[in-house]
A.B. asks: 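Input: one structure, supplied below.
Each residue takes its place number in the sequence, starting with 1.
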Amino acid sequence: MPIVPIEPTLSEQIVEDLASKHWSEIPNFLPTQMAKELYQELKQTYREGEFVRAGIGSGSKFRLKSEIRGDYIHWLEEAHLSDLQRHYWAQIEQVRLALNRAFFLNLRHFEAHFALYPVGSFYKKHLDQHQNVQERLISCVLYLNENWTPQDEGCLRIYQTEPHLSAPLPPNADTPYLDIAPQMGTLVCMRSDTVWHEVLPTKRPRASLTGWLRRENMMF
């Protein structure tokens, strides 16, 4: 499959949004047909029994907590990507280069997994950067749900804390927020360390390809 570069304006929009508010929503980042085919790959992987329950924490602190998170995931290995997945990786590579040019982030690597939320599942408010493991800097979520409606619920809720704060406090009842529907082909990028967010309970199965742009392991 030939790699189709993304429009430079898309990378520029992501850079501008991250600079001003720490998150960005790009509808139709991936053409609908390609997003549909990625969804078919996700479903086939699920049918083959390759998904596992997702947990919270990392390393020795990893725990399954159904009261916090209810999705199932399958990690993708860069050495064994399908042609379609490799195409998406190449597009995210363009985003990585743009972010490094703009912010000198030293982003080196992209990791990602398929995620599937069954009916009724959710993910309580959280940051994507683990407290003691700080390599994740930019979260990238590509949604794979066709014809999502308000009745399906399951939105991504982004809490609009002050973007100039390097370590914003957890949101409370007065914190403003924005809900984003997980529509097919939409990409959401956000700072992994500053943007509090949650997945609201969903009324239909909800699919995504969720990943992180990472820097090298920081020894000091």
Side-chain angles (χ1 to χ4, degrees), residues 1-19 22-46 48 50-51 54 71-116 128-129 133-146 148 156 180-193 195 197 206-217:
M1 172 185 296
I3 301 299
V4 179
I6 63 174
E7 292 292 332
T9 53
L10 295 183
S11 292
E12 293 168 6
Q13 184 64 57
I14 292 170
V15 167
E16 291 175 8
D17 289 343
L18 290 177
H22 287 194
W23 63 271
S24 179
E25 177 190 9
I26 307 294
N28 303 310
F29 178 84
L30 199 67
T32 299
Q33 186 56 41
M34 293 180 66
K36 287 181 178 180
E37 291 174 12
L38 264 180
Y39 179 56
Q40 293 303 316
E41 292 186 357
L42 179 152
K43 289 203 301 182
Q44 182 59 35
T45 303
Y46 182 79
E48 293 170 356
E50 297 295 325
F51 276 65
D71 56 321
Y72 290 76
I73 63 174
H74 170 72
W75 284 98
L76 299 175
E77 299 180 21
E78 191 167 2
H80 300 96
L81 297 175
S82 69
D83 287 345
L84 190 55
Q85 293 162 15
R86 193 172 297 110
H87 184 102
Y88 176 66
W89 249 247
Q91 294 185 320
I92 291 297
E93 173 67 6
Q94 295 174 64
V95 175
R96 182 188 74 85
L97 293 173
L99 293 174
N100 278 344
R101 285 193 299 268
F103 302 124
F104 307 101
L105 292 177
N106 196 31
L107 299 170
R108 297 290 187 90
H109 178 65
F110 182 60
E111 62 178 8
H113 59 59
F114 282 139
L116 184 61
D128 277 354
Q129 189 180 89
V133 183
Q134 299 181 353
E135 285 75 35
R136 289 178 177 176
L137 289 186
I138 305 295
S139 304
C140 304
V141 186
L142 177 72
Y143 290 111
L144 303 175
N145 309 288
E146 191 172 13
W148 199 266
L156 171 69
I180 297 176
Q183 291 285 2
M184 180 78 75
T186 293
L187 178 72
V188 174
C189 295
M190 55 187 156
R191 283 273 301 269
S192 304
D193 57 338
V195 178
H197 59 284
R206 177 189 188 278
S208 66
L209 202 171
T210 299
W212 297 269
L213 287 164
R214 299 168 55 104
R215 61 185 171 186
E216 292 290 346
N217 181 34

A.B. asks: Looking only at non-hydrogen atoms, find the nearest pair between E25 and I180 and report the distance.
C.D. replies: OE2-CG2, 3.5 Å
A.B. asks: Specify the closest pair of heavy atoms between V15 and F103, including all atoms of both residues, with the distance to one decimal.
C.D. replies: O-CZ, 3.5 Å
A.B. asks: For a quick test of reading the model, state the closest non-hydrogen atom pair linking A35 to L144 and the distance between them.
C.D. replies: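 For A35 versus L144, the nearest heavy atoms are O-CD2, 3.7 Å.
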A.B. asks: Between R136 and E111, does at least one N-O distance fall below 4.0 Å, as a salt bridge requires?
C.D. replies: yes
A.B. asks: Are side-chain heavy atoms of N145 and R206 found at a separation under 4.5 Å?
C.D. replies: yes
A.B. asks: For the residue pair T210 and D71, establish whether any side-chain heavy-atom pair is separated by less than 4.5 Å.
C.D. replies: no
A.B. asks: Show the nearest heavy-atom pair for residues S192 and S139, with the distance to one decimal.
C.D. replies: OG-OG, 2.9 Å
A.B. asks: Check ring pair (Phe, Tyr, Trp, His ring centres under 6.0 Å) between Y46 and all other residues, then give those that pass, not counting sequence neighbours.
C.D. replies: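 Once residues adjacent in sequence are excluded, the partners of Y46 under the ring pair (Phe, Tyr, Trp, His ring centres under 6.0 Å) criterion are F51.
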A.B. asks: Does a side-chain heavy-atom distance below 4.5 Å link W148 with Q183?
C.D. replies: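 When only atoms from C-beta onward are counted, Q183 and W148 do touch, with a gap below 4.5 Å.
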A.B. asks: The criterion is side-chain hydrogen bond (donor to acceptor under 3.5 Å, both in side chains); which residues satisfy it with E48, sequence neighbours excluded?
C.D. replies: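 So E48 forms a side-chain hydrogen bond (donor to acceptor under 3.5 Å, both in side chains) with Q44.
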A.B. asks: Can you name the residues that form a ring pair (Phe, Tyr, Trp, His ring centres under 6.0 Å) with W89, not counting sequence neighbours?
C.D. replies: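 Partners of W89 under the ring pair (Phe, Tyr, Trp, His ring centres under 6.0 Å) test: F110.
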A.B. asks: Please report the interatomic distance OG1(T186) to CG(N28), rounded to the nearest 0.5 Å.
C.D. replies: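 That separation rounds to 6.5 Å.
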A.B. asks: Is the backbone N or O of E50 less than 3.5 Å from a side-chain atom of H74, with the two atoms forming a donor-acceptor pair by type?
C.D. replies: yes
A.B. asks: Could you give the distance from CG (L137) to CZ (R96), rounded to the nearest 0.5 Å?
C.D. replies: 12.0 Å
A.B. asks: Could you go step by step and tell me if L209 and L42 meet the side-chain contact (heavy atoms from CB on, under 4.5 Å) rule?
C.D. replies: CA-CA 9 Å; L209 202 171; L42 179 152; over 6 Å; no
A.B. asks: Could you tell me the separation between the CE atom of M190 and the CD1 atom of I14, rounded to the nearest 0.5 Å?
C.D. replies: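 If we round to the nearest 0.5 Å, M190:CE and I14:CD1 are 12.5 Å apart.
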A.B. asks: Find the distance between OG (S208) and CG (L156) and round it off to the nearest 0.5 Å.
C.D. replies: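 S208 OG to L156 CG: 9.5 Å, rounded to 0.5 Å.
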A.B. asks: List the steps and the verdict of side-chain contact (heavy atoms from CB on, under 4.5 Å) for H109 and E78.
C.D. replies: CA-CA 10 Å; H109 178 65; E78 191 167 2; 3.9 Å; yes
A.B. asks: Which distance, rounded to the nearest 0.5 Å, do you find between the OG1 of T32 and the CE of M34?
C.D. replies: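 Result: 11.0 Å between the selected atoms.
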A.B. asks: For the residue pair L76 and L81, establish whether any side-chain heavy-atom pair is separated by less than 4.5 Å.
C.D. replies: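 Contact flag for L76/L81 side chains = yes.
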A.B. asks: Could I get the full list of ring pair (Phe, Tyr, Trp, His ring centres under 6.0 Å) partners for H113, not counting sequence neighbours?
C.D. replies: W75, W212
A.B. asks: Not counting sequence neighbours, which residues clear side-chain hydrogen bond (donor to acceptor under 3.5 Å, both in side chains) with E146? List them please.
C.D. replies: K36
A.B. asks: Hey, are the side chains of F29 and Y143 touching, using non-hydrogen atoms and a 4.5 Å cut-off?
C.D. replies: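 In short, these two side chains do not touch, never coming nearer than 4.5 Å.
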A.B. asks: Test of understanding: with side-chain hydrogen bond (donor to acceptor under 3.5 Å, both in side chains), list the residues that count as partners of Q13, not counting sequence neighbours.
C.D. replies: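 side-chain hydrogen bond (donor to acceptor under 3.5 Å, both in side chains) list for Q13, sorted by chain: D17.
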A.B. asks: Please give me the minimum heavy-atom distance between L84 and E37, naming the atom from each residue.
C.D. replies: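 Where L84 meets E37 most closely, the heavy atoms are CD2-CB, 3.4 Å.
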A.B. asks: Starting at CD1 of I138, measure out to CG of D128 and round the result to the nearest 0.5 Å.
C.D. replies: 10.5 Å
A.B. asks: Starting from the C-alpha separation in whole Å, work towards a yes-or-no answer on side-chain contact (heavy atoms from CB on, under 4.5 Å) for L97 and E93.
C.D. replies: CA-CA 6 Å; L97 293 173; E93 173 67 6; 3.9 Å; yes
